[in-house]
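Each residue takes its place number in the sequence, starting with 1.
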Amino acid sequence: MNNFLGDIKKVYGSANKSAAEFMYLANAVMAYDDYHEKFKQIGTKASENKRWVESPVLKKGVARLQQIMKHASTYRYSADSAASDNFTGSVFEREMSVQLPPNIIIRGRCDWVGEGLSSPGGEAVDLLEIKFVNELSDQHRLQVLIYCALLAIERSAACSGMLFNARTSELEVVKIDAAEAFEFLAILCISRTTELSESGAQGPGGP
């Protein structure tokens with residue numbers, strides 16, 4: 001981040017900031033807090049952020065999302081109903097978690113979980129993760145697969161998830177069986193622990 005410090009200070013010190021410049025500063029702050037994805041994805045220069053605050057582009061993205069979700073059911077979130085054994089409603093910002101031995105907890109918050117959403121092939125989809133980026137990445141694909149695994153374990157049933165890029169209309173669907181979900185998360189956790197150990201960092205721990 002030190003390479004961008006001069007530009008960040010210059011934008012921060014300007015008297016009249018545009019919406020794009022405020023967005024640039026917000027993403028830079030998150031990058032200093034070790035969340036670099038948006039800073040790299042949207043732009044490491046203030047001028048590169050302009051295209052992300054253009055109203056026509058945003059409106060087009062919203063229209064695409066509305067079209068995708070036109071048959072999806074809606075439901076206001078409540079902790080009691082979401083935890084209920086017979087809960088079948090739809091929830092935005094749905095939280096999920098699973099504990100792996102000995103004391104490792106994997107958590108996730110998916111954009112939408114519910115009913116009524118279908119893939120282009122007509123297959124029912126259990127969850128939706130929404131992006132607004134230039135191009136979907138492997139990190140995005142891994143993210144939605146982790147959400148599918150968490151929900152599959154929670155429901156003890158196969159889970160199908162949709163990854164939708166409202167900016168470009170890219171759409172991908174992944175599926176994982178309940179029997180494979182726990183093993184997938186365990187392998188992922190082991191891989192991440194090995195990667196951190198080799199770099200000298202601390203591996204995942206409990207809550």
For Leu188 and Leu142, what are the C-alpha separation, side-chain angles and deciding distance, and is it a side-chain contact (heavy atoms from CB on, under 4.5 Å)? CA-CA 10 Å; Leu188 182 68; Leu142 179 60; 4.1 Å; yes
Show your working on side-chain contact (heavy atoms from CB on, under 4.5 Å) between Ile153 and Leu151 and close with a plain yes or no. CA-CA 5 Å; Ile153 293 172; Leu151 192 60; over 6 Å; no
For the pair Asn134 and Thr168, evaluate side-chain contact (heavy atoms from CB on, under 4.5 Å) and give the outcome as yes or no after the intermediate values. CA-CA 7 Å; Asn134 283 333; Thr168 64; 5.8 Å; no
Passes side-chain contact (heavy atoms from CB on, under 4.5 Å), Met69 versus Trp112? Steps please. CA-CA 10 Å; Met69 298 194 70; Trp112 179 89; 3.6 Å; yes
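The hydrophobic clustering, which links ILVMFWY residues whose side-chain heavy atoms are closer than 4.5 Å, places Phe22 and Phe132 apart.
Under a 3.5 Å cut-off, the side chain of Asp126 and the backbone N or O of Ser160 do form a donor-acceptor pair. Without hydrogens or angle criteria, Tyr147 side chain to Gly161 main chain gives no donor-acceptor distance under 3.5 Å. No donor-acceptor pair under 3.5 Å is formed between the side chain of Glu183 and the backbone N or O of Glu180. The closest donor-acceptor contact from the side chain of Asn165 to the backbone of Arg167 lies under 3.5 Å. Side chain of Lys17 to backbone of Tyr12: a donor-acceptor contact under 3.5 angstrom is found. Between the side chain of Glu170 and the main chain of Leu136, a donor-acceptor pair closer than 3.5 Å is present.
Inter-residue side-chain proximity for His140 and Val133 is flagged as met; some heavy-atom pair is nearer than 4.5 Å. Side-chain contact between Gln143 and Glu129 is present, with at least one heavy-atom pair separated by less than 4.5 Å. At a threshold of 4.5 Å between non-hydrogen side-chain atoms, the residues Leu100 and Ile105 do not count as touching. A 4.5 Å side-chain heavy-atom check between Leu150 and Arg107 finds every atom pair outside the cut-off. Looking at heavy atoms from C-beta onward, Ile68 lies in side-chain contact with Leu117 at the 4.5 angstrom threshold. Contact of the Pro120 side chain with the Leu171 side chain is registered, since non-hydrogen atoms from C-beta on lie closer than 4.5 Å. Residues Leu163 and Val174 are not in side-chain contact: their nearest non-hydrogen atoms beyond the backbone lie 4.5 Å or more apart.
Look at Lys175 and Glu123 and you find a salt bridge, because one of the NZ, NE, NH1 or NH2 atoms lies within 4.0 Å of a carboxylate O, short of that distance. Ionic pairing of Arg141 and Asp138 is present here: one or more N-O contacts between side-chain nitrogen and carboxylate oxygen are shorter than 4.0 angstrom. The pair Arg94-Asp111 does not meet the salt-bridge criterion, since no charged nitrogen lies less than 4.0 angstrom from a carboxylate oxygen.
The CZ atom of Arg155 sits 9.0 Å away from the CE atom of Met96 when rounded to the nearest 0.5 Å. A distance of 6.5 Å separates CD1 of Ile130 from CZ of Phe92, quoted to the nearest 0.5 Å. Taking SG from Cys159 and CD1 from Ile176, the interatomic distance works out to 8.5 Å, rounded to the nearest 0.5 Å. Atom OG in Ser156 sits 12.0 Å away from atom CZ in Phe182 (nearest 0.5 Å). In this structure, CG in Leu65 is found 10.5 Å from CD in Gln67, a value given to the nearest 0.5 Å. Note: Arg109 CZ to Glu95 CD = 4.0 Å, rounded to the nearest 0.5 Å.
Nearest heavy atoms, Leu25 versus Ile8: CD2-O, 3.8 Å. Residues Met162 and Ser118 come closest through the heavy atom pair CE-O, 3.3 Å. For the pair Val173 and Ser119, the tightest heavy-atom approach, listed with the atom from each and the gap, is CG2-CB, 3.8 Å.
Side-chain contact, Ser137 with Gln139: no donor N or O sits under 3.5 Å from an acceptor N or O.
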